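Only one structure is covered here, and it is reproduced in the block below.
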Amino acid sequence: MRTVKQPGRPARSRLLSVEAKSGGELRLVLREGDDLLNGLAAALTKAGVASAAVSLAGGGFSRMQYLTGQPCKDGSRVATYGAPTILEGPVMLLSGSAFLGLDQKGMPIVHCHAVLIDNKGKVHGGHLPPGVCKIGRQGAVAHVAAFDGAALTVRHDAETNYPVFHPTALAQAKAAQ
Amino acid sequence: MTARKAMKTAARKSRPAKRKPDLQAPPPIAHYPLSEGRPGTLATLVERGRYGRMVLARVRPNIDLVTGIERVCAAHGIIHAVVRSAVGSLVDAALGYGEGESMTMITVEGPGIEILTMGGEVRPDETGKTVARLRGTVSDSDANVYGGEFVRGGNPICITLEIALQEWLPELHVAPADGK
């Protein structure tokens with residue numbers, strides 16, 4: 001197995017994990033014209049959910065873009081994103097995985113990867129950024145497992161030089177147990 | 001250009017290498033007896049149970065995906081679990097397809113291979129050891145998409161893996177659905 005040298009010193013603990021209770025299950029339908037990531041974040045925030053695992057069951061886009069990883073040439077990071085691939089609709093969302101959590105300012109943020117098929121039948125996939133994935137006529141369906149007692153919070157990771165989600169136990173929930 | 005760079009460039013331009021797995025092959029999917037009435041098919045197995053605790057985890061760089069998830073489960077005393085969502089990236093990906101003797105492994109060179117979707121289970125194998133069986137899709141830097149089973153020992157995490165696992169608590173009695 002090939003390993004890579006990260007720009008920062010490796011953190012001692014290689015696995016971070018916290019337990020949570022189920023905070024409820026939700027099914028969500030985003031409508032035509034919504035942005036996928038912003039729509040997910042807004043709908044879940046309105047439903048009182050701050051952190052959750054999201055499974056995208058399917059849907060479509062009228063226009064969208066995604067990013068894929070590539071080696072980073074300047075040495076500041078091991079990998080970085082290349083130029084976006086822009087797809088004109090209708091683009092079908094085949095499946096996707098996402099997490100809702102809180103960014104460094106405490107605002108909701110969604111991290112989402114998905115598999116897509118374009119209007120010529122070619123399969124695509126990558127990282128979907130916020131604000132550029134416009135839901136089409138099919139809408140989009142998400143199944144959501146909310147967390148109770150734990151959250152995902154973005155922290156800057158010195159080892160990789162990226163802000164990434166970290167599982168965080170919520171003290172309030174601990175006290176309540 | 002260094003030898004390593006040259007090798008990587010060649011690999012990127014050509015189709016990904018297909019070869020027999022040189023790593024430990026995953027065990028077969030199930031070990032239940034074949035149904036007498038339907039030779040060659042696996043007896044349907046119905047397991048009743050309920051979902052339990054959720055575990056949110058981050059796996060750091062250079063840790064193997066499959067063994068990392070098994071270690072997360074072990075740390076929480078979880079022996080049965082399902083993947084609820086997973087987002088992350090790999091240095092390189094090793095994905096298996098086919099089965100048994102004809103199982104083939106495809107390797108996709110990164111770094112920066114995106115894990116697009118991942119599903120699967122954690123449960124004890126026939127020896128009682130808790131193992132993760134994970135399948136999914138990844139994309140490379142040219143936005144090509146590949147799928148298969150994540151091969152143990154072949155999928156080092158690149159930047160991060162975020163994963164939510166949920167414990168599955170089976171009832172003790174297990175019987176085939178067709179009553180045989």
Side-chain angles (χ1 to χ4, degrees), chain A residues 1-4 6 10-11 13-23 51-56 66-72 77-82 85 94-99 101 111-115 123-127 145 147-148 150-152 157 159-160 162 164-168, chain B residues 8 23 51-64 68-69 71-73 75-76 83-92 94 109-119 136-145 147 153-160 162-167:
Chain A
M1 187 172 86
R2 182 167 66 121
T3 57
V4 286
Q6 296 286 344
S13 166
R14 307 312 293 159
L15 301 166
L16 307 173
S17 65
V18 300
E19 281 183 26
K21 287 189 282 188
S22 169
S51 287
V54 179
S55 173
L56 299 173
Y66 68 91
L67 305 169
T68 51
Q70 60 181 34
C72 179
R77 292 162 165 178
V78 165
T80 185
Y81 289 122
T85 303
L94 296 176
S95 183
S97 312
F99 285 98
H111 186 197
C112 177
H113 289 184
V115 189
V123 175
H124 299 255
H127 170 102
F147 308 139
D148 178 18
L152 287 171
D157 178 42
E159 179 178 352
T160 61
Y162 268 107
V164 295
F165 272 144
H166 288 82
T168 312
Chain B
K8 275 167 66 179
L23 302 160
Y51 292 102
R53 293 171 289 169
M54 301 201 65
V55 173
L56 316 187
R58 177 186 173 205
V59 181
R60 284 207 155 109
N62 298 322
I63 299 295
D64 178 57
I69 289 171
R71 282 168 57 196
V72 167
C73 287
H76 293 272
V83 175
R84 293 299 306 259
S85 192
V87 178
S89 62
L90 300 168
V91 177
D92 305 306
E109 278 199 44
I113 303 297
E114 296 280 68
I115 299 170
L116 305 176
T117 59
M118 192 169 86
T137 55
V138 304
S139 64
D140 67 10
S141 60
D142 297 325
N144 297 307
V145 177
N155 294 282
I157 300 303
C158 184
I159 303 297
T160 194
E162 298 148 10
I163 185 164
L165 294 149
Q166 191 162 21
E167 187 178 29

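Naming: A, B, ... by sequence-line order, numbering from 1 per chain. Note that the coordinates shown come from a computational prediction; the quantities given were computed from them, not determined experimentally.
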Shortest non-hydrogen contact between [X] and [Y], atoms and distance:
{"X": "A/Met1", "Y": "B/Asn62", "result": "CE-O, 3.5 Å"}
{"X": "A/Leu67", "Y": "B/Glu114", "result": "O-OE2, 4.4 Å"}
{"X": "A/His113", "Y": "B/Gly88", "result": "CE1-O, 3.3 Å"}

Measure distances from [X] to the heavy atoms of chain A and classify the residue's part below 4.5 Å as side chain, backbone, both or neither.
{"X": "B/Ile113", "result": "neither"}
{"X": "B/Ala143", "result": "both"}
{"X": "B/Thr117", "result": "both"}
{"X": "B/Asn155", "result": "backbone"}
{"X": "B/Ile115", "result": "backbone"}
{"X": "B/Leu165", "result": "neither"}
{"X": "B/Gln166", "result": "side chain"}

Open item on the list: Tell me whether B/Arg60 contacts the main-chain N or O of A/Pro10 through its side chain, where contact means a donor paired with an acceptor under 3.5 Å.
Closed with: no

Task: Short side-chain to backbone donor-acceptor contact, B/Ser85 and A/Val54, under 3.5 Å - done: yes

Open item on the list: Nearest 0.5 Å, please: how far is OH in A/Tyr81 from OG in B/Ser89?
Closed with: 7.0 Å

Task: Separation between OG of A/Ser17 and CD1 of B/Ile69, rounded to the nearest 0.5 Å - done: 12.0 Å

Count the heavy-atom pairs under 4.5 Å between each of [options] and chain B, then report the option with the highest count.
{"options": "A/Thr160, A/Leu16, A/Leu94", "value": "A/Leu16"}
{"options": "A/Gly126, A/Gly82, A/Ser55", "value": "A/Gly126"}
{"options": "A/Ser97, A/Gly96, A/Ala53", "value": "A/Ser97"}

If you count heavy-atom pairs under 4.5 Å with chain A, which of [options] comes out on top?
{"options": "B/Gly52, B/Pro156, B/Ser139, B/Cys158", "value": "B/Pro156"}
{"options": "B/Ile157, B/Val87, B/Val55", "value": "B/Val87"}
{"options": "B/Asp64, B/Leu116, B/Val145, B/Val138", "value": "B/Leu116"}
{"options": "B/Met118, B/Glu167, B/Arg71, B/Arg58", "value": "B/Arg58"}
{"options": "B/Val72, B/Asp92, B/Thr160, B/Asn144", "value": "B/Asp92"}

If you define the side chain from C-beta out and look only at heavy atoms, does anything of [X] sit under 4.5 Å from [Y]?
{"X": "A/Phe147", "Y": "B/Arg84", "result": "no"}
{"X": "A/Val78", "Y": "B/Pro61", "result": "no"}
{"X": "B/Asp140", "Y": "A/Thr68", "result": "no"}
{"X": "B/Arg53", "Y": "A/Ser22", "result": "no"}

Engaged part of [X] at the chain B interface, taking heavy atoms whose separation is under 4.5 Å:
{"X": "A/Phe165", "result": "both"}
{"X": "A/Ala145", "result": "both"}
{"X": "A/Ala151", "result": "backbone"}

